[in-house]
Amino acid sequence: MLKLLTFAPCLGTRSPSPFAVKGEALLAMSGLDYTTEVSDVRKAPRGKLPVLDDGGTLIPDTAHIQTHLEQVHNIDFDSHLSDLQRAHATAFRRLIEDHFYYLNAHYRWADHPQAVRDGYFADAPKLLRGIIFKVVNRNITKMLHMTGLSRHTREQMEAMTQDDVDALATQLGDQRYFMGDKISSIDASLFGALEGLIPCTLDTPSGRMVKAHANLVAYHERLSRELFG
Ligand SMILES: N[C@@H](CCC(=O)N[C@@H](CS)C(=O)NCC(=O)O)C(=O)O
């Protein structure tokens with residue numbers, strides 16, 4: 001049985017982590033039976049979640065989870081895509097996971113520390129919650145500083161965010177899925193990002209920008225229904 005080790009739902013989302021939602025979306029798209037289990041990053045092989053547990057074999061990272069599902073379980077996510085579509089999907093995946101992700105993390109952790117503390121660490125004993133939050137917050141702040149993104153002015157960061165959101169909305173256009181009329185693995189990445197913004201209870205610049213694009217909102221609602229009922 002496949003089991004996705006993940007984070008608990010919070011702040012109105014299936015999971016606060018877009019990667020955890022992406023991992024679950026890949027499993028839902030695969031049609032294989034799976035379960036999810038709330039886990040702890042400290043127990044994860046690379047200190048991050050999600051991790052796929054396939055009968056005791058642990059596969060960290062959604063890129064490797066996708067490869068595992070393709071190679072071991074013969075799931076075909078992307079073979080209908082042309083070489084050009086694959087190239088576009090790769091570029092957009094990097095935009096979503098290696099740029100947009102960090103901007104979204106900044107808006108959450110820098111603007112809503114209290115809500116993040118009480119949402120992310122709801123299961124931690126109340127006395128420890130503040131300490132855990134402080135340690136994680138320090139690491140996240142450092143990580144965002146190292147990417148260089150949080151060194152820009154707020155105005156510059158929001159302009160970059162707007163560029164990302166507009167690029168996503170333009171590529172989607174009035175198509176059913178991100179690459180056309182058939183779902184592919186890039187939809188899992190985009191769904192993960194949108195899940196962290198559209199139903200999320202936090203008011204963030206990226207959330208507002210996404211919600212201003214009716215096609216992104218309708219897409220999120222459609223995939224939510226199709227993948228998770
Ligand atoms: N490239 C990884 C990224 C996973 C990731 O960054 N997970 C974050 C949550 S969004 C995490 O577990 N962070 C815990 C930590 O770094 O301590 C994937 O695709 O699965």
Side-chain angles (χ1 to χ4, degrees), residues 2-30 34 36-54 57-70 77-78 89-110 112-113 115-117 119-124 128-129 131-147 149-150 164 184-197 199-200 202 204 206-207:
L2 297 168
K3 186 164 65 182
L4 190 74
L5 308 177
T6 180
F7 297 97
C10 78
L11 303 172
T13 69
R14 299 184 70 80
S15 163
S17 160
F19 295 104
V21 177
K22 173 190 169 189
E24 201 182 343
L26 285 171
L27 285 165
M29 281 162 59
S30 76
Y34 72 92
T36 60
E37 185 177 290
V38 173
S39 190
D40 184 336
V41 286
R42 289 169 301 181
K43 293 189 199 147
R46 293 185 188 161
K48 284 182 184 286
L49 291 173
V51 170
L52 181 67
D53 180 341
D54 187 354
T57 303
L58 297 183
I59 301 113
D61 200 293
T62 53
H64 304 314
I65 292 173
Q66 180 182 335
T67 306
H68 179 83
L69 294 174
E70 289 170 340
F77 290 109
D78 292 336
T90 299
F92 272 110
R93 184 172 289 114
R94 304 291 182 240
L95 178 150
I96 295 166
E97 299 182 10
D98 299 329
H99 188 261
F100 193 47
Y101 166 73
Y102 290 110
L103 292 165
N104 293 332
H106 177 79
Y107 299 134
R108 274 194 187 178
W109 287 80
H112 300 281
V116 166
R117 185 194 62 197
Y120 280 40
F121 307 109
D123 290 341
L128 277 182
R129 196 178 294 165
I131 299 168
I132 300 172
F133 170 77
K134 255 192 193 154
V135 173
V136 180
N137 193 20
R138 202 171 42 225
N139 291 342
I140 300 259
T141 306
K142 206 155 130 196
M143 173 185 82
L144 292 168
H145 185 74
M146 295 311 287
T147 65
L149 286 172
S150 62
D164 285 0
S184 60
S185 66
I186 184 66
D187 290 296
S189 295
L190 179 56
F191 181 76
L194 296 180
E195 175 70 11
L197 297 169
C200 183
L202 303 179
T204 59
S206 38

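Counting starts at 1 for both ligands and their atoms, in listed order.
- The shortest non-hydrogen separation linking Leu26 to Thr62 is CD1-O, 3.9 Å.
- One option in Tyr120, Tyr101, Phe19 has a heavy atom closer to atom 3 (C) of ligand 1 than any other, and that option is Phe19.
- If you check each of Thr62, Leu52, Val41 against atom 19 (O) of ligand 1, the one with the closest non-hydrogen atom is Thr62.
- In terms of protein heavy-atom proximity, atom 15 (C) of ligand 1 is closest to Gly47 O, 3.6 Å.
- Selection from Asp61, Leu49, Ile65 by nearest heavy atom to atom 5 (C) of ligand 1 gives Leu49.
- The distance from ligand 1 to the heavy atoms of Ser17 drops below 4.0 Å at these ligand atoms: 9 (C), 10 (S).
- Side-chain contact between Asp164 and Leu95 is present, with heavy atoms from C-beta onward closer than 4.5 Å.
- Counting heavy atoms from C-beta outward, Glu97 and Ser189 have side chains that approach closer than 4.5 Å.
- Using cut-offs of 30° and 60° on the angle between ring planes, the pair Phe19 and Tyr101 is perpendicular.
- Side-chain atoms of Arg14 and Thr6 form no donor-acceptor pair, as typed in the model, at a separation below 3.5 Å.
- Here is the list of ligand 1 atoms found below 4.0 Å of a heavy atom in Pro50: 20 (O).
- The closest side-chain heavy-atom distance from Trp109 to Val136 is below 4.5 Å.
- When only non-hydrogen protein atoms are considered, atom 16 (O) of ligand 1 lies nearest to Lys48 NZ, 3.2 Å.
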